[in-house]
Amino acid sequence: MHALIPLPVVVALLGAAFLAAANKLLPRWATDTVGLACALAVLVLCVLLVIDASHLTVYWFGGFRPRGGVAVGISFSVDRIGAGMATLAAVMVSAALLYSVRYFDEVGSLFGALMLVFLAAMVGFCLTGDLFDLFVFFELMSVAAYALTAYKIEEAGPLQGAINFAITNSVGSFAMLTGIALLYGRTGALNMAQIGSALAGHPADGLVKVALLLIMGGLLVKAAIVPLHFWLADAHAVAPVPVCVLFSGVMVELALYGLARVYWSVLAAPMAAHTDGLRVTLIALGVLSTLVGAVMCVAQRHIKRLLAFSTISHTGMFLIGLGLLTRAGLAASGEYVLEHALLKGALFMAAGILLHRFGTVDEHELRGRGKSGDPGLRVAAAVFVLGGLGLAALPPLGVFFGKSALEGALTHTPGYGWVPAVLVLGSALTAGTILRVSGRVFAGWGERTPRHHELLSVVSERPETLSPHDRTPAVMIAAPVLLLIGGLLVGVVSGLRAGIAAAAARMADHAGYVAAVFGAPAGGVRSPHAPVVTLDFLLAAATVIGALAVAGFALIQASSWRVPARVGRTLTASMVSLRRLHSGCVNDYIAWLVAGLAAIGAALALT
């Protein structure tokens, strides 16, 4: 099994090279088959790695093993969290390629090649044990993402979205590379275990703190954490739907995985004296992202942008769990990520069905048009309703167990017992907005021109197809159904919660990681998952009721529901101001990025 470790990356890259070389030679059905077969092969290999990763397994390329505690070679260090994230990436790419088989009217084999390069980069990012290679795979992932965002290159919108995406994320990449250079200059090492071992004996000084800020800043840009988030909604609005599935389902979550890997493998020991300050900063960023993403989600009528802002809100929740800097918080975020990814992928595919059928994803233009008895539209309706309820944590489906675990971890951390209320509010707003779309599009509820419609942003989009279609292909139905079933039921799989808790505990065991990389036996770790308690059901009930109330308020035509004039003016002014910040101008986004990094640095310095 040890020899299989590099194969997922190799298979994906070889498949991409073959598709690129055969771009003019093979018919579309052949390139689609090759791309999907390669993604499924990577998925099988990643599942085998998860099964075998009961302990940390290290693969040294070229046989260059450490000597005397010095690692010169390049390694893949595979544990269950990393292998699990690689498996999630393979699942999402496989589902996206299956969906793409009939989604596009015209698409070249280069689309499949770029998707496989994206997959190879994500898998390598999850498995590498080398800090510089983490950056290399990060950049390979980014380049593929830029190209996929601008795949409709003949249109101005995708080009602008891709440019905004590329410039903002490149600034984040430069920050990350500078942080890595500082650590390399201090330790003379790039292997994460060796850097962590070299820094462990001394408290963090100014250089290490600045390196942490730069690396963390680069990864938070990729994770679209407020105020570094502006690129995400623009990219989602113009990227093809199968690409959006990967952006929201796995790419932004991988950035947080990278932050967790760097912290626990490299910086946990030297930053031990500063844990409280780092915790305050990360949780504050998570709370801000949760609330801003949720409010902006409510203010959208473009369904893809709506789902993108929902992703920003949920990514903030994942950061809250990670920001606790505890094993319980790490495990809760891991479980939450898995449940959310599958549901969000299904929701984007359902939005793609609407775009494929009607040529638009404007919620108001689609009012009542989803009532048809067509199987594809019935599936899209079920995905939106069940996906919305799943994101609202309806027990025991969807994100219920992950959200409950996160709320439990917060409740047991002194000083953060108020944060579950933020999770309830953010989840209710985002899930309620998805249910609002369900009622308006598939049931025809709500006013044709709702009151306060001026608060809803409008973004036009040209479909990826040449013209609207009168039916939905079977593969476009199968892919979201599979993801929806997985997202709703994965939390109830026997032993999954305990397995994620144990994997998180092993990932957070810095001493055990270093020992395993350098060939010493690592001690066992235990981290039993917290049981579900009455409070979890109460918070879930509050979230579901809140989501239904948000949807009902937007859809039910009740003349008695009048917002006081002063409150209405304040709400309108606030929403307009917040929307103006999302100007689509890359200059504004870079200004916010620099200001955000400076604010994060100031917060770390003050706390």
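Computed from a predicted model, the values in this text were never measured in an experiment. Sequence positions, counted from 1, serve as the residue numbers for this chain.
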Shortest non-hydrogen separation from A83 to V78 and the atoms involved | CB-CG1, 4.0 Å
Heavy atoms of L342 and G486 approach each other most closely as CD1-C, 3.6 Å
Any donor-acceptor N/O pair, S333 side chain to L330 backbone, under 3.5 Å = no
I500 side, atom CD1; I81 side, atom CD1 - distance, nearest 0.5 Å = 7.0 Å
Run the numbers on L483 and L343 for side-chain contact (heavy atoms from CB on, under 4.5 Å), then give the verdict.
-> CA-CA 6 Å; L483 290 183; L343 291 175; over 6 Å; no
Roughly how far, to the nearest 0.5 Å, is CZ of R186 from CG of L207?
-> 4.5 Å
Distance, nearest 0.5 Å, that separates CG of L214 from CE of M176 | 11.0 Å
Taking R305 for the side chain and A237 for the main chain, is one N or O donor matched with an acceptor at less than 3.5 Å?
-> no
May I ask you to decide if G329's main-chain N or O and T326's side chain share a donor-acceptor pair within less than 3.5 Å?
-> yes
More than 12 heavy atoms from other groups under 6.0 Å of CZ on F61 | yes
Keeping to residues at least two apart or across chains, list the ring pair (Phe, Tyr, Trp, His ring centres under 6.0 Å) pairs with something in residues 173-204.
-> none
Are any non-hydrogen side-chain atoms of V221 and V171 less than 4.5 angstrom apart?
-> no
Heavy atoms, side chains only, cut-off 4.5 Å: are M296 and I312 in contact?
-> no
What heavy-atom pair brings V399 and E339 nearest, and what distance separates the two atoms?
-> CA-OE1, 3.1 Å
Rounded distance [0.5 Å steps], CG in L282 versus CG in L319 = 5.5 Å
Validation: residues 244-251 side-chain donor-acceptor distances under 3.5 Å, sequence neighbours left out:
unit_1 : atom_1 : unit_2 : atom_2 : d
S248   : OG     : H236   : NE2    : 2.8
S248   : OG     : T311   : OG1    : 2.7

Is the closest side-chain heavy-atom distance between D234 and V238 below 4.5 Å?
-> no
Out of T87, D52, V91, which one pairs with V47 under the side chain to side chain contact (heavy atoms under 4.5 Å, CB included) rule?
-> T87
Donor-acceptor under 3.5 Å (R279 side chain, L324 main chain) = yes
Donor-acceptor pairs are to be reported for all side-chain atoms of residues 131-143 against protein atoms at under 3.5 Å, with residues two or more places apart or in another chain.
unit_1 : atom_1 : unit_2 : atom_2 : d
E139   : OE2    : S173   : OG     : 2.3
S142   : OG     : F138   : O      : 2.9
S142   : OG     : K222   : NZ     : 2.5

Which atoms form the tightest heavy-atom contact between L604 and G277, and what is the distance?
-> CD2-O, 4.4 Å
Would you check if I74 and F64 make a side-chain contact, meaning some heavy-atom pair closer than 4.5 Å?
-> no
Indicate yes or no for a side-chain donor-acceptor contact from T128 to the backbone of D130 under 3.5 Å, with no hydrogens or angles considered.
-> yes
Would you say the side-chain atoms of H314 pair up with the backbone N or O of S310, donor to acceptor, closer than 3.5 Å?
-> yes
Within the side chain of S289, is there an N or O that forms a donor-acceptor pair under 3.5 Å with the backbone of V226?
-> yes
Roughly how far, to the nearest 0.5 Å, is NE2 of H229 from CD1 of I225?
-> 10.0 Å
Ring-ring centroid check F165 Y146, cutoff 6.0 Å | yes
Do V252 and F318 have side-chain heavy atoms sitting under 4.5 Å apart?
-> no
Do M192 and V517 pass the side-chain contact (heavy atoms from CB on, under 4.5 Å) test, and can you show the C-alpha distance, the side-chain angles, and the key distance before you say yes or no?
-> CA-CA 9 Å; M192 285 191 273; V517 169; over 6 Å; no
Under the side-chain contact (heavy atoms from CB on, under 4.5 Å) rule, what do L56 and V58 come out as? Steps first, then yes or no, please.
-> CA-CA 7 Å; L56 185 72; V58 184; 4.3 Å; yes
Under 3.5 Å: donor-acceptor pair, side chain of Y257, backbone of C126 | yes
Short side-chain to backbone donor-acceptor contact, Y99 and P242, under 3.5 Å = no
Could you tell me whether a side-chain N or O of H340 sits under 3.5 Å from a main-chain N or O of Y336, the two making a donor and an acceptor?
-> no
Heavy-atom side-chain proximity of V93 to F118 below 4.5 angstrom = no
From M92 CE over to L97 CG, what is the distance, rounded to the nearest 0.5 angstrom?
-> 11.5 Å
Check step by step if side-chain contact (heavy atoms from CB on, under 4.5 Å) holds for R261 and M507.
-> CA-CA 8 Å; R261 174 63 70 191; M507 179 179 179; 3.9 Å; yes
Taking side chain as C-beta onward, heavy atoms only, is I600 less than 4.5 Å from L228?
-> yes
Minimum heavy-atom distance A331-A501, with the two atoms named = CB-CA, 3.8 Å
Any T315 side-chain heavy atom under 4.5 Å of T290 side chain = no
Shortest non-hydrogen contact between L19 and G35, atoms and distance | CD1-CA, 4.1 Å
